[in-house]
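Residue numbers begin at 1 in each chain, while the letters A, B, ... track the order of the sequences.
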Amino acid sequence: MKKRTNWRKVTLYSSIIIYLFIIIFPFIWTLITSFKTSGEIMGENALRIIPEVFTWDNYTVLFEKGILGALKTSFIVSMSTTLYIVVVATLASYAISRFHFKGKSLLMGLILAVSMFPQMITVGPIYQLFLNLGWTNSYAVVLPYSTITLPLAVWILVTHFNQIPHGIEEAARIDGASPLQTLVRVIFPLAAPGVFTTGIIVFISAWNEFLLTITLNINREYHTVPVFMSFLKEQFSILWGEVTAATIVVTIPTLIIVLLFQKQIVSGLVSGSIKE
Amino acid sequence: MKGMSFRQFGFILPLLVLISVFSLWPVLQSFTYTFFDYKLNDQQKAGLYFSDRFNLELFSESELYVTLLLEEDQASVTNEADLNKINQFITNVSNLANQLGTGQEEKVIKINDEEKEAVLRLYEEGLAVLDALQTYQTPNTENLTFIIEDIQNSIIPPNFIGLQGYKQALSDTRLFQSMGITLIFTSISVFFELILGIILALILNQSLKGRGIIRTTSLIPWAIPTAVAALLWMYLYNGNSGIVANLFATVGLIESPQDLLSTGTGAIFATILADVWKTTPYMALLLLAGLQTIPKSLYEASDIDGANKLQAFFNITLPLLKPSILVALLFRTLDAFRVFDLVYVLTGGGPGGATETVSVYAYKVMFSQTNFGYGSIIVMFMFFCVAIIATIFVKLLGTNVMDKN
């Protein structure tokens, strides 16, 4: 009997190790390549594990090409999206969770439908609109980001607000608080973990956005990291040294966010999609 | 919204404004585009026109050049009648320009039939002048030909085409090919993601050491931008130094490492593999959350009844996990169906269109060819498919929810 559990454990842990290896290997290999010279990357010894010549050149070139600028743009874009989306979604979700009004289920259905739209359907008219308003190549790109992030945020937040007991507001109202005061002073502190989770999920979605930036912000100055990286490709030959170095530089912030907030991310993903 | 105070309505107003302007309006607008031959790079079609319009900017430009060039050419003209003809033409051009109002802010204006007739008459007159100039050696004849053509081109015919675009789409083999590729990509990748996701979730549901590490690791592929993941895999797949391509060639999956991205089957396989790598962990986490809601007591009871693990899986786990699976499947299917970043960066739709999904095709038509009319039709087909997929899943989910009640 003891032997059987041991075997079970061995299979279990070895499958987990294989799984972890498959997930992590691409990054490790990329990390190794990023320290190789371009001669070695394309040469015969391309598959060597330890670089023959260890070099920082790929990173130096990358910084000259302005990856820091792209990181900054990404950060500005994602941060501002997170801030305004969280405010808008918090207000709306609170109303959906607490107020009684006609057409509430219609509104929720609409929000769900928007989250299902193919993004490509909105891009054409938004491009026209931005062209007419002279908003291309600007941070106004965060406004159409609402199509991707707002439904998600509302969905997660409604779940969270529904978990907060209604009696609390009753008490606040008897004490003479207005709905907005109730939301800000009473509900918000209780909902803060949910709001924070929403913020993280929105931030990551905005950080990963590609289509809107590549169509609306042609100017390099406004390229976010994913678009910046896709342009490393648009050359005669692909410079793998730079691409791999960029992958590493870009993965680091993601890694930090995931390490710090994994609990919130998982709870956000789950409440965004499972508890309907 | 009835039953709501004005103040309460303020809570949802920002949401309504954002959704209306950046989600709903664009969809309606895209739908409108489908009825027009709307091309941004074609001056005559860069708008939605039901009736004749007039390109004032182009016309005033023509007026300027007609005057300049003809005055220069006049010097070589000897015949009195021809000279009169030319002068008359110059006067007519500037008269019409004044009448239509050059120098206005607006570049394109509406014109009525009478004005259209006048422009066309002017064009005829211009052709006659050109004819007359043939007999002389004038320096600007060639340029004038173009400029007089531009007088006619100033009239912008309506580009409303009704359902013609849809008709074109129905016989567009590239559209159907991309639709097929999208379906293949979606069904195969979602299938593997689901199977592997369930297995992973079952493994992760065991009491294990190092669960935190596993969870963190699982989140990384999901959290990195798709465009970055695509580049990462592009490197691993490349024919020279790509370790995955070399591995597959050694194992015998492909003949040579170059085949992975340069053959159609190889490229589709590569795209699916990258997608499975990126989203399986995410799927597993969603299903894991579903698994954790199943009470342990059920398994204990089945154990006492003498059921084995496999029976417990099919009789307890799977039925209770069904809602979670359906929701995860719905979102994954829709995501896979809309796939853009991954394909656009990894293969660009190539080789030879073998991985061109509907999104990539629509993007190319809209932004490379700037043909927004036809691009919108492609997007509408996609929208239609998404609606069907969503309806099927919502129906399935709906009955399930009722079962629970």
Exercise. Does any heavy atom of chain B fall under 4.5 Å from the side chain of A:Ile201, the backbone, both, or neither of them?
Worked result: side chain
Problem set entry | Side chain, backbone, both or neither of B:Val345 within contact of chain A (heavy atoms, under 4.5 Å) | both
Exercise. Any chance CZ of B:Phe192 has more than 12 other-residue heavy atoms, nucleotides or ligands included, within less than 6.0 Å?
Worked result: no
Problem set entry | Between A:Thr244 and B:Tyr235, a side-chain donor and acceptor under 3.5 Å | no
Exercise. Side chain, backbone, both or neither: which part of A:Phe130 has a non-hydrogen atom closer than 4.5 Å to chain B?
Worked result: side chain
Exercise. So do the side chains of B:Thr216 and A:Leu255 get within less than 4.5 Å of each other, counting heavy atoms only?
Worked result: no
Exercise. By a 4.5 Å heavy-atom criterion (distance strictly below it), what part of B:Leu18 contacts chain A: side chain, backbone, both, or neither?
Worked result: both
Problem set entry | Segment of B:Leu40 engaging chain A (4.5 angstrom heavy-atom cut-off) | side chain
Exercise. What part of A:Tyr84 is in contact with chain B, defined as an atom under 4.5 angstrom from a non-hydrogen atom: side chain, backbone, both or neither?
Worked result: side chain
Problem set entry | Student check: side-chain heavy atoms of A:Tyr19 and B:Ser218 closer than 4.5 Å | yes
Problem set entry | B:Ile220 side chain reached by A:Phe27 side chain, heavy atoms, under 4.5 Å | yes
Exercise. Any donor-acceptor pair under 3.5 Å linking the side chain of B:Arg338 with the backbone of A:Met116?
Worked result: yes
For this session: Against chain B, label A:Ile121 side chain, backbone, both or neither, depending on which of its atoms sit under 4.5 Å from a heavy atom there.
Result: both
